[in-house]
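Here the structure is laid out as structure tokens; the discussion comes afterwards.
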Amino acid sequence: MDTISDKSIQEAGHELSKHLWDIALKPWDSTILPSVEQLSRARESLVSSLPEAGLGFDKTRNHLIDDIVPGLNASSISPNYYGFVTGGVTPAALLADNIVSAYDQNVQVHLPDHSVATDVEFYALGLLLDLFNLDRKVWVHATTTTGATASNILGLACGREYVLRNAVQRKGGELRSAGEHGVIEVMHAAGLKGLQVLSTLPHSSLGKAAGILGIGRANVKSIPAQGHPLIFDLQRLEEELARPDVASIVAMSYGEVNTGWFVTQGIEEAREIRRLCDMYGAWLHVDGAFGIFGRVLKDSPEFERIKKGCEGIELADSITGDAHKLLNVPYDCGFFFSRHANLAEDVFRNPNAAYLSGGSTTGVIPSPLNIGIENSRRFRELPVYASLVAYGRDGYRDMVERQTRLSRSIAGWVFDHPAYETLPSGQSRDELLENTFVIVLLRAKDEALNAELGKRINATEKVFVSGTSWEGQPACRIAISNWRVNEKQDFAIVKEVLEEVAK
Ligand SMILES: *Cc1c(COP(=O)(O)O)cnc(C)c1O
């Protein structure tokens, strides 16, 4: 029998430092994913029922390292893992994330006499705002989440609270808070029949958020302008906002997941949408999971289109962002910003818990439990803090630039290649390059090849892509999101793979 002792903790520490850096930071070789054989061996090795006597530390270590993460392949280390928008892990974030596990701090209540964790998180979120050139004084409700999906839930939850409050106020009713009294009672008091989310090509997680929050997945509506799937049809937007018996949240995609495109092409369009929202008491939410990182790019003609594309983000009421994507911290980590501090407590207050009320009620640092989903949770922002402090604005700018340039090199090459085409179609080569921000959407012209393009690319084991569909047809998506990207080297690998597959 193996019991837990100080010695076994020490051993765990030694094992950690010995293996961790091997796993996550070993020099990049060409294997991206474990083989099918490795996976089936791993599956067969899994312990399927609780052992009476534990395996002990040594056997468990071997089981984890040799069976479950066979070959130590990790998507986080491979710059050529282009599936989804996976993100890598910077060395500083990796270090911090493991400190978080060892420290095992519960970040729930701001206890300035006992812990500095809430201070660190407060500053980490401030540093993020700095990175995106967002004013700390404006984005007063800032919190960490498990990812963009959770941030979208927060955005729609705050939006729901806000639009219902506006609607009751207009009616002169008494009930003010859906968080306090429930959605149904407040809707009734406001004389509303429904809630809706108006968007263009919303990420699937917005539907999920609407489902969770009682808005309904069916009430997430795309209202695109003719000929452009991402730009709002402003006339229809206004018609929907003007409906007297329905309250609306407007959700804008900054960095649409298939194309990387932005919902607006400049601040003027965003201002118009903001004006309509203000006129009708609607909430404006931005899903900028990865697109918000466009704001990190430098002001130069090279990135003008992208910079202009994400200019409108600061006009929103709430903003979703992912840290486990382009910030390159480990899963699971996202962030949420809103300009309405008072609303946060109405939505997320953890009521009547005397044993949690020891937190400071003065000062600027809020107790996290009253402004987000979780009560107990890990010290999630330490990796964010570490990575931002370690690399700074210049470091992140360099990472995002390298990734953008690689995506553009690939896009241009695919555009010129006789066997492939880039999507959405109808762009000139110059427009394509200007619009491309870390994602390349492509298809093979030959139907048969296109049907299994992703499979064929991934079978080379040099590059991994994920499939999607565009206008009803299968398509492949190359999503670049790793700090290790080397423009020249990785472009050469992608060319070689696509050339080989097209033969
Ligand atoms: C990835 C993504 C999400 C969902 O993020 P998770 O990290 O999976 O929760 C939401 N919106 C957009 C635009 C995304 O790219």
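Each ligand, and each atom within it, is numbered from 1 in the order the structure gives. For the single chain, residues carry numbers from 1 onward in sequence order.
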request  = Non-hydrogen atoms closer than 4.0 Å to ligand 1: which protein residues do they belong to? List them by chain and number, please.
outcome  =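 For ligand 1, the contacting residues are G147, A148, T149, N152, H203, S205, G255, V257, D287, A289, F290, D322, H324, K325.
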
note = To the nearest 0.5 Å, atom NE2 of H141 lies from atom CZ of F348 at 5.5 Å

message = Under the side-chain hydrogen bond (donor to acceptor under 3.5 Å, both in side chains) definition, can you give me all pairs with a residue in residues 468-481, not counting sequence neighbours?
response = N258-T468

query = Does any N or O in the side chain of R402 come within less than 3.5 Å of the main-chain N or O of V485, such that one atom is a donor and the other an acceptor?
reply = yes

ask   = Taking only residues two or more places apart in sequence, or in another chain, which ones meet E311 in a side-chain hydrogen bond (donor to acceptor under 3.5 Å, both in side chains)?
value = none

With sequence neighbours excluded, residues passing salt bridge (Lys or Arg N to Asp or Glu O under 4.0 Å) with E272 = R275

request  = State, with a plain yes or no, whether a side-chain heavy atom of R305 is found less than 4.5 Å away from one of Q265.
outcome  =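 Yes, side chains in contact.
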
